[in-house]
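Computed from a predicted model, the values in this text were never measured in an experiment.
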Amino acid sequence: MFREKYPKVTFKIQQNETNTLIQLVREKTLDLAIVRLPIDLEDFDCLMLGDEPLYFVTGDAAPGTLTRTEESVSYEAIAGYPLLLPSTEGLGLYNLILEHFRSRGLSPVIIGECSDIGMLIELVSSGFGASILPETSLGRHTGRSIRYSRIDDPYAVSSSAVIWLKQPFLSKAAVNFIGTLRAGAAGSGISAEARLQ
């Protein structure tokens, strides 16, 4: 939709950790970034992109299969597994996952962290450990030997947002991109909420 309306706009797309993307926006290297929440939004305006469920992921599926189980799993059960957490300590998704355990008085067995979701899924598939991932992360990595189950908590969700600096100037392309996202979300019934201060 955006490319049709603004065919001359070019993009510089960077995939990176949330902290790095935040820094690139602060340095004005990037106009916008799509990041996982929660993060400190004090310096930013944002457009919320919505929530997606978190899944517990293990490597005990048949070789070459991505299997969704219908059973949900509790944080109490997950706490007994060696976990590789996505993201990096101190960042949104990492802290969100740990907070879910802490709020239940649980101390999970954290054996590592990995900001590269593809590598994390390979490690889980090999049996190195288990993980907790947002739904969209699973859909991009089909063909892996993993089993995933929804976590039995309605608050086991991850949120994403488009962020930009609170500043008097934002490029016309960035303003139009944000407008297109808002219009697309409104037209699809998806909730896209702006937070401007």
Would a single hydrophobic cluster contain both Leu96 and Ile110, if residues Ile, Leu, Val, Met, Phe, Trp and Tyr are joined by side-chain heavy-atom contacts under 4.5 Å? yes
If you define the side chain from C-beta out and look only at heavy atoms, does anything of Pro53 sit under 4.5 Å from Pro134? no
Which residue is it: Leu32, Asp31, Leu30? I am looking for the one with a side-chain contact (heavy atoms from CB on, under 4.5 Å) to Trp164. Leu32
Is it possible for you to say whether Leu181 and Val9 belong to one hydrophobic cluster, with membership spreading through side-chain heavy-atom contacts below 4.5 Å? yes
Rounded to the nearest 0.5 Å, what separates atom CD1 in Ile178 from atom CG in Leu170? 5.0 Å
Any non-hydrogen side-chain atom of Ile163 less than 4.5 Å from a side-chain atom of Leu41? yes
Checking side-chain polar atoms at under 3.5 Å, does Arg147 have a donor or acceptor matched by the opposite partner on Thr58? no
Return yes if a side-chain donor-acceptor contact under 3.5 Å exists between Ser74 and Asp152, otherwise no. no
Is there a continuous path of hydrophobic side-chain contacts, each under 4.5 Å between heavy atoms, that joins Leu85 to Tyr155? no
Are side-chain N/O atoms of Ser149 and Glu71 paired as donor and acceptor at under 3.5 Å? no
Which value, rounded to the nearest 0.5 Å, describes the distance between Leu138 atom CG and Ile146 atom CD1? 5.0 Å
Do the non-hydrogen side-chain atoms of Val35 and Val162 ever get within less than 4.5 Å of each other? no
Rounded to the nearest 0.5 Å, what separation is found between the CG atom of Leu47 and the CZ atom of Arg182? 5.5 Å
Is there side-chain contact between Leu120 and Leu133, with at least one heavy-atom pair below 4.5 Å? yes
Run the side-chain contact (heavy atoms from CB on, under 4.5 Å) check on Glu113 and Leu84 step by step: do they pass? CA-CA 5 Å; Glu113 56 193 53; Leu84 288 165; over 6 Å; no
The reported gap from CE in Met119 to SG in Cys114 (rounded to nearest 0.5 angstrom) is 5.5 Å
Is there any salt bridge (charged side-chain N to carboxylate O under 4.0 Å, His left out) pair reaching into residues 94-104, and which pairs are they, with sequence neighbours excluded? Arg104-Asp153
What are the two closest non-hydrogen atoms of Val25 and Phe44, and how far apart are they? CG1-CE2, 3.6 Å
Considering only residues two or more places apart or on different chains, which pairs with a residue in residues 6-30 satisfy ring pair (Phe, Tyr, Trp, His ring centres under 6.0 Å)? Phe2-Tyr6, Phe2-Phe11
Spatial distance of atom CD1 (Ile121) from atom OG (Ser137) [nearest 0.5 Å]: 6.5 Å
What's the shortest heavy-atom distance between Phe56 and Ala130, and which atoms? CE1-CB, 3.6 Å
Report yes if the side chains of Ile111 and Phe128 come closer than 4.5 Å at any heavy-atom pair, otherwise no. yes
Donor-acceptor side-chain pairing of Glu17 and Ser115 below 3.5 angstrom: yes
Same cluster or not: are Leu83 and Leu106 linked, directly or through other Ile, Leu, Val, Met, Phe, Trp or Tyr residues, by side-chain heavy atoms under 4.5 angstrom apart? yes
Is it the case that one hydrophobic cluster holds both Met48 and Val157, taking links as side-chain heavy atoms less than 4.5 Å apart, direct or via other members? no
Kindly check if the number of other-residue, nucleotide or ligand heavy atoms within 6.0 Å of CZ (Phe101) is above 12? yes
Less than 4.0 angstrom from a charged side-chain N to a carboxylate O is my criterion; do Lys166 and Asp43 meet it? no
Compare all side-chain heavy atoms of Leu21 with those of Gln15 and state whether any distance is below 4.5 angstrom. no
Value for CD (Gln14) from OG1 (Thr29), rounded to nearest 0.5 Å, stands at 8.0 Å
State whether the number of non-hydrogen atoms from other residues, nucleotides or ligands found under 6.0 Å of Glu27 atom CD is greater than 12. yes
Below 4.5 Å, heavy atoms only, C-beta onward: do Glu135 and Leu54 meet side chain to side chain? no
Minimum heavy-atom separation for Ala77 to Val73, with atom names? CB-CG2, 3.8 Å
